[in-house]
Participant: 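My questions will all concern the structure given below.
Within every chain, numbering begins at 1; the chains are lettered A, B, ... in the order of the sequence lines, protein sequences first and strands thereafter.
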Number of protein chains: 2
Amino acid sequence: MSTQSAAALSGSGAAAIPLSEAKARVVDAAAALFAEHGVGGTSLQMIADVIGVTKAAVYHQFKTKDEIVIAVAESEMARLEVAIKAAESEPDPVKARDVLLTRIVDLAIERRRMESTLTGDPVLVRFYARHEGFRRTMARLYRILMGEGAGPEARVPAAMLIAAIGGAVMHPLVADLDDSALRTHLLHLARRFLDLP
Amino acid sequence: MSTQSAAALSGSGAAAIPLSEAKARVVDAAAALFAEHGVGGTSLQMIADVIGVTKAAVYHQFKTKDEIVIAVAESEMARLEVAIKAAESEPDPVKARDVLLTRIVDLAIERRRMESTLTGDPVLVRFYARHEGFRRTMARLYRILMGEGAGPEARVPAAMLIAAIGGAVMHPLVADLDDSALRTHLLHLARRFLDLP
DNA sequence: GTCTATACGCGGATAGAC
DNA sequence: GTCTATCCGCGTATAGAC
């Protein structure tokens with residue numbers, strides 16, 4: 001217990017967030033750069049430049065670029081897990097759904113400048129698709145969002161809603177809205193959408 | 001009139017689609033690869049391999065990779081222009097909106113495997129943001145979609161709807177639905193969403 | 001229009017000193 | 001943890017023959 005446990009990449013889903021200071025700096029810088037240039041368009045040199053060190057220093061923290069991508073993805077996923085847990089602790093399904101919705105909107109607003117890259121970048125999407133833990137986490141999220149239904153009538157609106165929230169925050173049409181105003185509108189419309197018969 | 005006019009990159013918005021056979025092959029291959037690997041993750045070698053020629057042959061068609069990116073973006077935008085024109089030729093605003101919605105859904109379904117990359121890739125997004133013609137085209141689209149309103153109450157739902165349609169078609173939740181089923185559900189839900197008070 | 005060949009830099013990655 | 005130095009391959013791009 002006294003030894004600093006590795007924590008590493010887990011693989012079972014919930015990254016416990018205990019990244020070293022240095023690792024955390026890399027992950028933060030990488031996430032911002034991924035959002036601006038895409039994963040494929042971001043080099044280790046760029047990451048090193050942003051945090052003011054050399055490439056070799058970055059390599060000391062992560063042996064490969066892939067590991068950085070994974071760490072960024074897990075860091076985002078960890079935030080989502082917190083939201084899901086909060087919703088799952090709510091006994092009433094309808095309330096649970098609303099809690100989840102609120103949390104998801106908050107996350108999207110918080111990540112406003114990078115949300116769509118983090119959920120849409122081909123490299124990250126591929127990564128999500130291949131990892132058990134991520135699939136399980138998303139399955140839990142969908143369960144809360146869709147409730148009983150599992151057919152197209154439940155899945156299509158769920159897919160639309162997730163896409164709408166994630167995509168809208170970065171949309172040029174709402175670029176001039178401040179976070180709080182956007183949050184209010186988004187939440188209102190998302191609730192409306194879910195209440196549709 | 002007899003000479004094949006250059007058509008080139010236009011710049012005023014509507015690319016007139018008169019690409020040579022060879023150029024069209026490059027653009028098609030590039031679009032598919034962009035969708036799978038992102039713009040930054042796609043090399044000229046990949047493009048050349050897909051169409052079965054050498055890199056140099058590709059360079060003969062487009063002097064730089066940027067030109068290919070532009071051509072792909074314009075090709076997508078041209079499709080959207082057709083949809084917008086169809087909607088604009090409809091006198092009744094409500095009907096125009098419905099025509100546009102239908103066309104956009106059709107486009108998204110057609111481009112199902114690449115839609116979100118084509119609208120979400122950072123490289124392409126930057127490109128769209130910088131080009132007059134693209135901004136004007138999108139302005140026309142928004143106008144039809146939002147009608148009179150120009151405040152947040154109109155813009156937020158418009159942003160959500162565009163994001164929802166583009167993002168939902170690639171979502172894992174609906175991966176098992178065939179095009180026609182997905183189209184039906186998507187259109188139904190999109191109409192509902194827009195009719196909200 | 002397509003090819004071979006080639007220049008040149010950058011990207012990922014490693015070794016070893018401090 | 002960070003640095004300098006270095007390797008190698010691939011990516012963009014060009015020259016010139018067929």
Participant: Measure across A:Val39 and A:Asp121 and return the closest heavy-atom pair with its distance rounded to 0.1 Å.
Facilitator: N-OD2, 3.0 Å

Participant: With the side chain counted from C-beta on, respond yes when B:His60 and B:Val53 share a heavy-atom pair under 4.5 Å apart, and no when they do not.
Facilitator: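 They are not in contact (no side-chain heavy atoms under 4.5 Å apart), so the answer is no.
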
Participant: Dump the intermediate steps for side-chain contact (heavy atoms from CB on, under 4.5 Å) on B:Thr119 and B:Leu124, then the final yes or no.
Facilitator: CA-CA 7 Å; B:Thr119 63; B:Leu124 289 172; over 6 Å; no

Participant: Can you tell me how far P of D:dT2 sits from CZ of A:Phe62, to the nearest Å?
Facilitator: 12 Å

Participant: Quickly work out the B:Leu44 CG to D:dG11 P distance and round it to whole Å.
Facilitator: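 After rounding, the reported distance stands at 9 Å.
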
Participant: How long is the line joining CD of B:Gln45 and P of D:dA13, in whole Å?
Facilitator: 14 Å

Participant: Which nucleotide sits closest to the side chain of B:Ala22: D:dT2, D:dC3, C:dG1?
Facilitator: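 The nucleotide sitting nearest to the side chain is C:dG1.
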
Participant: Which nucleotide in the set C:dA13, C:dT14, C:dT2 lies at the smallest distance from any side-chain heavy atom of A:Thr64?
Facilitator: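 Among the listed nucleotides, the one closest to the side chain of A:Thr64 is C:dA13.
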
Participant: Could you tell me how far apart A:His37 (NE2) and C:dC10 (P) are, to the nearest whole angstrom?
Facilitator: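 In whole Å, C:dC10 P and A:His37 NE2 are 16 Å from each other.
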
Participant: Whether the side chain of B:Lys65 and the base of D:dG11 hold a donor-acceptor pair under 3.5 Å is what I'd like checked.
Facilitator: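 A donor-acceptor contact between them is absent.
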
Participant: State which residue, out of A:Leu177, A:Val174, A:Val105, A:Leu101, fulfils the side-chain contact (heavy atoms from CB on, under 4.5 Å) condition with A:Leu186.
Facilitator: A:Val105

Participant: Tell me: CD of B:Gln61 to P of D:dT12, nearest whole Å?
Facilitator: 17 Å

Participant: Can you work out whether B:Lys55 or A:Lys63 has the more 5'-proximal nearest nucleotide on DNA chain C?
Facilitator: B:Lys55

Participant: D:dA17 C1' sits how many Å from B:His60 NE2, rounded?
Facilitator: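 Result: 13 Å.
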
Participant: Look at the side chain of B:Arg25 and decide which nucleotide, out of C:dG12, D:dC3, C:dT2, has an atom nearest to it.
Facilitator: C:dT2

Participant: Over how many whole Å does the gap from A:Met46 atom CE to C:dC10 atom C1' extend?
Facilitator: 10 Å

Participant: Do A:Phe193 and A:His188 have ring centres separated by under 6.0 Å?
Facilitator: no

Participant: For a quick check of understanding: with a heavy-atom distance under 4.0 Å over all strands, which category does A:Ser43 fall into, base, sugar-phosphate or nothing?
Facilitator: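 Sugar-phosphate contact only.
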
Participant: I need the CG-C1' distance between B:Asp49 and D:dC10, as an integer number of Å.
Facilitator: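 Distance, rounded to whole Å: 12 Å.
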
Participant: Using a cut-off of less than 4.0 Å, is there contact between a side-chain N or O of B:Ser20 and OP1 or OP2 of C:dG1?
Facilitator: yes

